[in-house]
Amino acid sequence: MSDPKTEWMRKLKATDPLREKTFTPEKMEAIVMKTVHSSRKSPRNKQKPRVFAFTIAIVLAALLLVGILPSGPYTGWLLNAFGTGWTIGKQAAPNPSDPPIETGQPETEPPGTTEPPPETAPLTGKLREHLPFSTESEMTIAIHDKQSGSDYAILAGRNYVILQSINGTDLTAAQAPKADSEASTFLRFTADNQTYELPYRLESNTVEWKGQSFYMDDGILLLMHGLLQPQSKLGVINQLFEQAQLELENDQVSRSDAVYASDRLEVNGKDYAVWEKELQKLTPNSEQKFYNLATEKMDSVRQYEPGILTLSLSIVFEDASFQTKDNIRVGSTEAEVVQSLGEPNLKSAAKWSYKIGDSTRFHLYFQDGKVAFIALTMPL
């Protein structure tokens, strides 16, 4: 088994390990110290992963807390990153870039507008007394058409058309049935940096306030047709009325003291009073109610066939079948009027007026140099 000639056998014989002690106390102490050192070092190495994991957990918790705090210079980034569906204590504000969400609730009012709560008891007095602004304060008025998205600014000189109706409308006399549908047109009043809206319905000529509806006068009816339906009969009449009023206010009118026989200023041989009585016996083809500021009662714009329209204190003839004794009719030129009837007492580009007695009662409205319609007015 053993080769006595091998090197290790010769060394073994030469050293005699039984007589020479190699496991000395010094080597035992070295072994003990190495064992102690190893036992101290091992736990420390095992704890390093635990300490590292604990530190990472603390850092992540801090980042999470900062990220979900309300948005600020260094906070809220986590909410912004994951969207507004996260809420802390209260509902998050919607992102303006997100598409609108159908909630089934009515749309909010435009910024700066107010909507009063409905009243169960009928409102009384004048409409102006119930509005949250003074009609005498400086303001701008505009018409907003929700269907087309258009806005129409009312010239400052025409504000009175709307304001006089609001100031003079008696709510008891002008009470209208409650509307079944939402309004698509709004009267917008801006005063003292606050905007107020009155829903308006052209088809009924009514406004709504505190859940109740009221008729407006024929001035608003004509104005709204001129803006929203300019090609309609009322729209065309309003345009010429407005033009004539502006010309009068700007003193673009010439005057004459000519005197005319009253029978030359009748239409089909009848003056205003006779026409009024005859029309009361007829059934109009259509009519639209309005509150008459002059009589403080309800009235109607009535359309009779052929070509007769009644307004407040006016009868308008729109058809060439109605003419004067001198054959002045719809379609007559300015030259024909002057030649047949003579120069008017008040003359502007849009309107020629003739006196009967002390007041002008016969009027010709011109468009493109021709008579567009004839109007008889009640003596005042």
Just so I know, are the side chains of [X] and [Y] near enough to count as touching, which here means a heavy-atom distance under 4.5 Å?
X      : Y      : value
Val267 : Trp275 : yes
Glu247 : Lys351 : no
Asp170 : Tyr291 : yes
Gln212 : Leu123 : yes
Phe189 : Thr135 : no
Leu127 : Met216 : yes
Leu171 : His130 : yes
Leu309 : Phe317 : no

Okay, side chain of [X], backbone of [Y]: is any donor-acceptor separation there less than 3.5 Å?
X      : Y      : value
Arg361 : Ile356 : yes
Ser332 : Arg329 : yes
Asp192 : Gln194 : no
Ser300 : Arg302 : no
Asn345 : Ala258 : yes
Asn205 : Asp218 : no
Ser165 : Ile162 : no
Lys126 : Ile166 : no
Ser232 : Gln229 : yes

Which value, rounded to the nearest 0.5 Å, describes the distance between [X] atom [atom1] and [Y] atom [atom2]?
X      : Y      : atom1 : atom2 : answer
Leu163 : Glu136 : CG    : CD    : 10.0 Å
Tyr272 : Lys277 : OH    : NZ    : 12.5 Å
Gln175 : Thr206 : CD    : OG1   : 10.5 Å
Asp145 : Leu227 : CG    : CG    : 10.0 Å
Asn292 : Leu313 : CG    : CG    : 6.0 Å
Thr333 : Phe366 : OG1   : CZ    : 8.0 Å

_Applying a strict under-4.5 Å side-chain criterion to I, L, V, M, F, W and Y, I'd like to know whether Tyr160 and Leu246 cluster together._
no
Using a strict threshold of under 4.0 Å (side-chain N to carboxylate O), is an ion pair present between [Y] and [X]?
X      : Y      : result
Glu266 : Lys325 : no
Asp326 : Arg264 : yes
Lys270 : Glu278 : yes
Glu276 : Lys281 : no
Glu208 : Arg201 : yes

[X] versus [Y], closest heavy-atom pair with distance:
X      : Y      : result
Ala191 : Met139 : CB-CB, 4.0 Å
Phe373 : Leu240 : CE2-CD1, 3.4 Å
Leu279 : Ile308 : CD1-CG2, 4.1 Å
Ile328 : Glu336 : CD1-O, 4.0 Å
Pro230 : Gln239 : O-NE2, 3.0 Å

*When the ring centroid of Phe214 is compared with that of Trp209, is the distance short of 6.0 Å?*
no
*Run the ring-centre check on Phe290 versus Tyr215 and record whether the distance is less than 6.0 Å.*
no
*asked:* Could you walk me through whether Ile143 and Tyr200 satisfy the side chain to side chain contact (heavy atoms under 4.5 Å, CB included) test, starting with their C-alpha distance in whole Å, then the side-chain angles of each, then the deciding distance to 0.1 Å, before giving a yes or no?
replied: CA-CA 9 Å; Ile143 309 300; Tyr200 176 83; over 6 Å; no
_Show, in sequence, the C-alpha distance, side-chain angles and deciding distance for Thr140 and Asn159, and conclude whether the side chain to side chain contact (heavy atoms under 4.5 Å, CB included) test is met._
CA-CA 8 Å; Thr140 59; Asn159 280 355; 6.0 Å; no
Report yes or no: do [X] and [Y] form a side-chain donor-acceptor pair below 3.5 Å?
X      : Y      : value
His363 : Ser353 : yes
Thr172 : Thr124 : no
His144 : Thr185 : no

*Name the orientation class of the two ring planes belonging to Tyr354 and Phe362 (parallel below 30°, tilted from 30 to 60°, perpendicular beyond 60°).*
perpendicular
*What's the verdict on side chain to side chain contact (heavy atoms under 4.5 Å, CB included) for Ile315 and Tyr304, showing C-alpha distance, side-chain angles and the deciding distance?*
CA-CA 11 Å; Ile315 302 174; Tyr304 297 89; over 6 Å; no
